[in-house]
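These values consider heavy atoms only, across backbone and side chains, with no hydrogens, waters or symmetry-generated copies.
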Amino acid sequence: QVQVLESGGGLVQAGGSLRLTCAASGMAVNYYIMGWFRQAPGKEREFVAAVGWSGTTYYAESVKTRFIISRDSVKNTVYLQLNTLKPDDTAVYFCAARYGTMRYGPSEYNYWGQGTAVTVSS
């Protein structure tokens, strides 16, 4: 069965970095849209970054120059490098997979991980 599992969250000071990992099983990451979303307390889940089956990457404007999404097809794993972190980046980060063309809405994704928490202190 399909399973995606996130890891790598934690507590970091403003300006610091983290690398989040999404390990997939039961499906190949290079055949799906692989996306990262985040949800802060009291806020709706929002798009952060994605990589398509062709390798094209997509970013939210707020993270465009700070975050990097990458994919390792051999390891069947997706990463999100978080740089120059700000307190506003504090949220639970989710990995998700969609079978189809690129979409930005959380409801368009078929499979979800459990989430990993990122807290950025000032």
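- Looking at F47 and Y58, their side chains come closer than 4.5 Å, going by heavy atoms from C-beta outward.
- L85 has its side chain within reach of L18: a pair of non-hydrogen atoms, C-beta onward, lies under 4.5 Å apart.
- No continuous path of hydrophobic side-chain contacts links F67 to F94 [ILVMFWY only; heavy atoms under 4.5 Å].
- When atom types are taken as modelled, the side chain of N76 and the backbone of M27 share a donor-acceptor pair closer than 3.5 angstrom.
- Sequence neighbours left out, not one pair with a member in residues 44-94 passes disulfide (SG to SG under 2.5 Å).
- Side-chain contact between I68 and L80 is absent, with no heavy atoms from C-beta onward closer than 4.5 Å.
- Between the side chain of T56 and the main chain of S54, no donor-acceptor pair closer than 3.5 Å is present.
- Within the structure, the disulfide (SG to SG under 2.5 Å) test picks out the following pairs touching residues 62-107 (sequence neighbours left out): C22-C95.
- Looking at every heavy atom in both residues, A14 comes nearest to P87 through CB-CD, 4.2 Å.
- Residue pairs satisfying the side chain to side chain donor-acceptor pair (under 3.5 Å) criterion with at least one member in residues 8-26, sequence neighbours excluded, are listed as follows: S17-N83.
- Taking a 6.0 Å sphere around OH of Y99, one finds it holds 12 or fewer heavy atoms contributed by other residues, nucleotides or ligands.
- Taking CG of L20 as the start and OH of Y79 as the end, the distance is 12.0 Å to the nearest 0.5 Å.
- For the side-chain hydrogen bond (donor to acceptor under 3.5 Å, both in side chains) test, no residue two or more places apart in sequence or in another chain qualifies with S122.
- If you look at F37 and W112, their ring centroids are closer than 6.0 Å.
- Taking 4.5 Å as the limit, some side-chain heavy atom of L82 sits within range of a side-chain heavy atom of V118.
- Side-chain contact between V78 and W36: present, with at least one pair of heavy atoms (C-beta onward) separated by less than 4.5 Å.
- Contact detail for I33 and G52: the closest heavy-atom pair is CD1-CA, 3.5 Å.
- A donor-acceptor pair under 3.5 Å is absent between the side-chain atoms of Q1 and the main chain of G26, judged by distance alone.
- For the pair T77 (side chain) and D72 (backbone), a donor-acceptor distance under 3.5 Å is absent.
- Annotation: the span from W53 atom CH2 to S73 atom OG amounts to 13.0 Å, rounded to 0.5 Å.
- Partners of R45 according to the side-chain hydrogen bond (donor to acceptor under 3.5 Å, both in side chains) rule, which considers only residues two or more places apart in sequence or in another chain, are Q39.
- Atom OG1 of T57 is separated from atom CZ of R71 by 10.0 Å, given to the nearest 0.5 angstrom.
- Residue pairs meeting the salt bridge (Lys or Arg N to Asp or Glu O under 4.0 Å) criterion with at least one partner in residues 76-104, sequence neighbours excluded, are R38-D89, R66-D89, R98-E108.
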